[in-house]
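Before any comments, here is the structure.
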Number of protein chains: 2
Amino acid sequence: MKSTIKDVAKKANVSIATVSFVINDSKPISEETKNRVLKAIKELNYHPSKSAISLVSGKTGNIGFILTDDHFLRTEPFYTTIFLGTEFEARSEGYYILLTSIRPDFSEEDPLPRFILNKSVDGIIIAGKIPHTLIERISAYKLPTVFIDYIPPTNNYPLVLIDNIQGALLATNHLINLRHTNIAFIGGDIGHPSLSHRLYGYKQALENANIPVKNNLIVVDAKYPDRQHGFNSAKKLFSKNKNVTAVFACNDAMAIGVLHYLNDNGYKVPQDVSLVGFDDVEADIMLHPPLTTIRVPKIEMGVEALKLIVNSVKSKKSLPKKVLVPVELIVRESTSLCKTK
Amino acid sequence: MKSTIKDVAKKANVSIATVSFVINDSKPISEETKNRVLKAIKELNYHPSKSAISLVSGKTGNIGFILTDDHFLRTEPFYTTIFLGTEFEARSEGYYILLTSIRPDFSEEDPLPRFILNKSVDGIIIAGKIPHTLIERISAYKLPTVFIDYIPPTNNYPLVLIDNIQGALLATNHLINLRHTNIAFIGGDIGHPSLSHRLYGYKQALENANIPVKNNLIVVDAKYPDRQHGFNSAKKLFSKNKNVTAVFACNDAMAIGVLHYLNDNGYKVPQDVSLVGFDDVEADIMLHPPLTTIRVPKIEMGVEALKLIVNSVKSKKSLPKKVLVPVELIVRESTSLCKTK
DNA sequence: ACAAACTCGTTAAACGTTTAACCAAAATTT
DNA sequence: AAATTTTGGTTAAACGTTTAACGAGTTTGT
């Protein structure tokens, strides 16, 4: 039933080598025979066996994709969207993605992802912050690796990063342009470079505008930047500072938490408080008002990561290229002109 | 660097066949040689080449997992959690999962997932409702297939289903036990068997309790059961029916939409209206009050699906077994005794 | 006109496993 | 003690590709 290269060769009246050359056009073949072969391939509905190719080439044609359980399952489809971008690009490149998640508290004893142990991938994409012990143990396998949205401690990997500083500048400047001066920053998980860069950009924007940076307007002690922590941080912020007129949250998840707090406590958004998020996860269409935020091109990030990894797989010399994807301010209805009374 | 079976054989002073027999224990080998081989394997850090095994066995060791984009990206981590269960079980069974998503409006011209065309999977798991044209085209490839949470038109596949009727009975009976009689049902996408079964169970529970089923309390015209549609359906329901004291929403997403509507419009939950969801997606920890719902064992569903598919892959005769996973009522704070005035 | 260089192919080895067929030695049966 | 079975192993073919090495015709250069 299943046809092989041999069947094609027989049908086209050529050797199997010729068929191979036609498929990969790795050697010049006359138009005429080429067509005969192509025709035979079509008629037999022939598809090369991946295992045979793998065996002889030493490549698997697979790329491993690693993220933590919580990133995979979190409400805001951030990393999953990135994954989709990777999968999408993998299709055109002829690769398969092996997705696996690990526990965020991955420890020394936990086993590495199978595809690494069994060498069933040619390269690895790691999305988001993952435990350093895992990074070290993976690096022993000398597999091409690229990181998405995270800067690993030993910084000689290809990276796909968000232009976080630029994004934070855009967000904060937007608020400054709306005449706000008491602008708070709500963040979390400061160990993550993305989030600390956003804080940095926030400070930078204030300084550029000659607005003093006040530490009591910066709440960054949340362990994880999700809605619940956004809510809690907002509570902490507003119970001590009544004069805050604008909040820049380090991501949409926390911004949504802030919004809930504000709604619950009689603050009107944007009349009383303007609010800007980051990521544009389009999480909750129910949100009112719709959130002004910084759009991150998630699909493109996945695409870029796959391109990078394919590159280092193919050309053994992997120069640790960094791709900084651009961001964009999306103004919706959660921000408005500051009413200085 | 990479060691092969040959290296192991040499080191252990046996033939490669013996090594193979030890690995798969497919033939009796004396304890002594077995230990020698095992030792050599460990020392060389030998891992069998998957491609070589694939080539000779004709099996790929991969399972394809298909769902629609919107299911993959939706805010409530329902199908993604199921996927995680599948991935988890695949690890212990030694399989890899190839995840791919398709557009919900998959049409005749769209290409099938690559892993089907290239025969790089031994079987397929399909999660959630997918277009019938896709099902038909896949079936031509005669690959073992199991469906999760969907009943395909040609019903001779192994299936992993939720005990939806039981769940709907539990939910509705819970409300009836709380003395509610004006119990509404909010649903959507009635073409999905899961959701129509939930409606069925709702009606059944009312009939069992001798409560008349009123059509104006049943809103099922939503196209897709998400938050936004839940919100809209609630609006439709409550603007016409002021005396509704309880709502059973066909899933948590719609329930959350209903809750938003109620909160926005001055209804207190559960004091004025009791609300029950379905799925227990733990989507929004911010929700107040926390939602009474029907827990669906999502991880277990993924595990069961993988077991089924491995079964039909291994034993060519795949009897179309159906697995009905049990559900459980989780009482939280969105339901309370009806205050009949 | 003859060597040199292309062009378009073919042959056969190699990749790393599994497994059918075979076999020697030891154990068991008669 | 001879015949038979069991035990524990080996040899070699097969799986479906890629690719190095080779070669027969044809073209080009002088």
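These numbers come from the heavy atoms of this one structure, side chains and all, not from hydrogens, waters or symmetry mates. Chain letters run A, B, ... following the sequence lines, proteins first, then strands; residues in each count from 1.
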Can you tell me how the ring of A/His71 sits relative to the ring of A/Tyr79, calling it parallel under 30°, perpendicular over 60° and tilted otherwise?
tilted

Base, backbone or nothing for each nucleotide of nucleotides 5-10 of chain C, written B, S, -, heavy atoms under 4.0 angstrom, 5' to 3'?
---SBB

Whole-Å distance between D/dC15 P and B/Lys59 NZ?
16 Å

Quick one: are the ring centres of A/Phe72 and B/Phe83 less than 6.0 Å apart?
yes

Measure from NZ or CZ of B/Arg114 to the centre of the six-membered ring of A/Tyr96, then state whether that distance is under 6.0 Å and the direction lies within 45° of the axis.
yes

Is A/Ser20 near enough to D/dT18 that one of its side-chain N or O atoms lies under 4.0 angstrom from OP1 or OP2?
yes

When rounded to whole Å, the CD1 to C1' distance for the pair B/Ile41 and C/dG16 reads 14 Å

Answer yes or no: are there more than 12 heavy-atom neighbours, outside A/Lys119 itself, under 6.0 Å from its atom NZ?
yes

Measure the distance from NZ on B/Lys2 to C1' on C/dA14 and round it to the nearest whole Å.
16 Å

In whole Å, what is the span from the CD1 atom of B/Ile53 to the C1' atom of C/dT19?
14 Å

Which angle, rounded to 10°, do you find between the first-five-pair axis and the last-five-pair axis of the helix from C/dA1-D/dT30 to C/dT30-D/dA1?
40°

Take a 6.0 Å sphere around NZ of A/Lys322 and say whether it holds more than 12 heavy atoms from other residues, nucleotides or ligands.
yes

Would you mind reading off the distance between B/Leu55 atom CG and C/dT18 atom P, rounded to a whole angstrom?
11 Å

Other residues, nucleotides and ligands only: do more than 12 of their heavy atoms fall within 6.0 Å of CZ on B/Phe88?
no

Spacing of B/Asn24 atom CG relative to C/dT18 atom C1', expressed in whole Å:
8 Å

d(NZ, A/Lys6; P, D/dG16) in whole Å:
7 Å

C/dT18 P sits how many Å from B/Ile5 CD1, rounded?
5 Å

Closest of C/dT18, D/dT18, D/dT17 to the A/Tyr46 side chain is D/dT17

Taking salt bridge (Lys or Arg N to Asp or Glu O under 4.0 Å) as the test, write out the residues that go with B/Asp69, two or more places apart.
none

Whether the side chain of A/Thr68 engages the backbone of A/Ile102 through a donor-acceptor N/O pair (distance < 3.5 Å, no angle test) should be reported.
no

Exactly one of B/Thr80, B/Ile125, B/Leu99, B/Ile126 clears side chain to side chain contact (heavy atoms under 4.5 Å, CB included) with B/Leu67, and that residue is B/Leu99

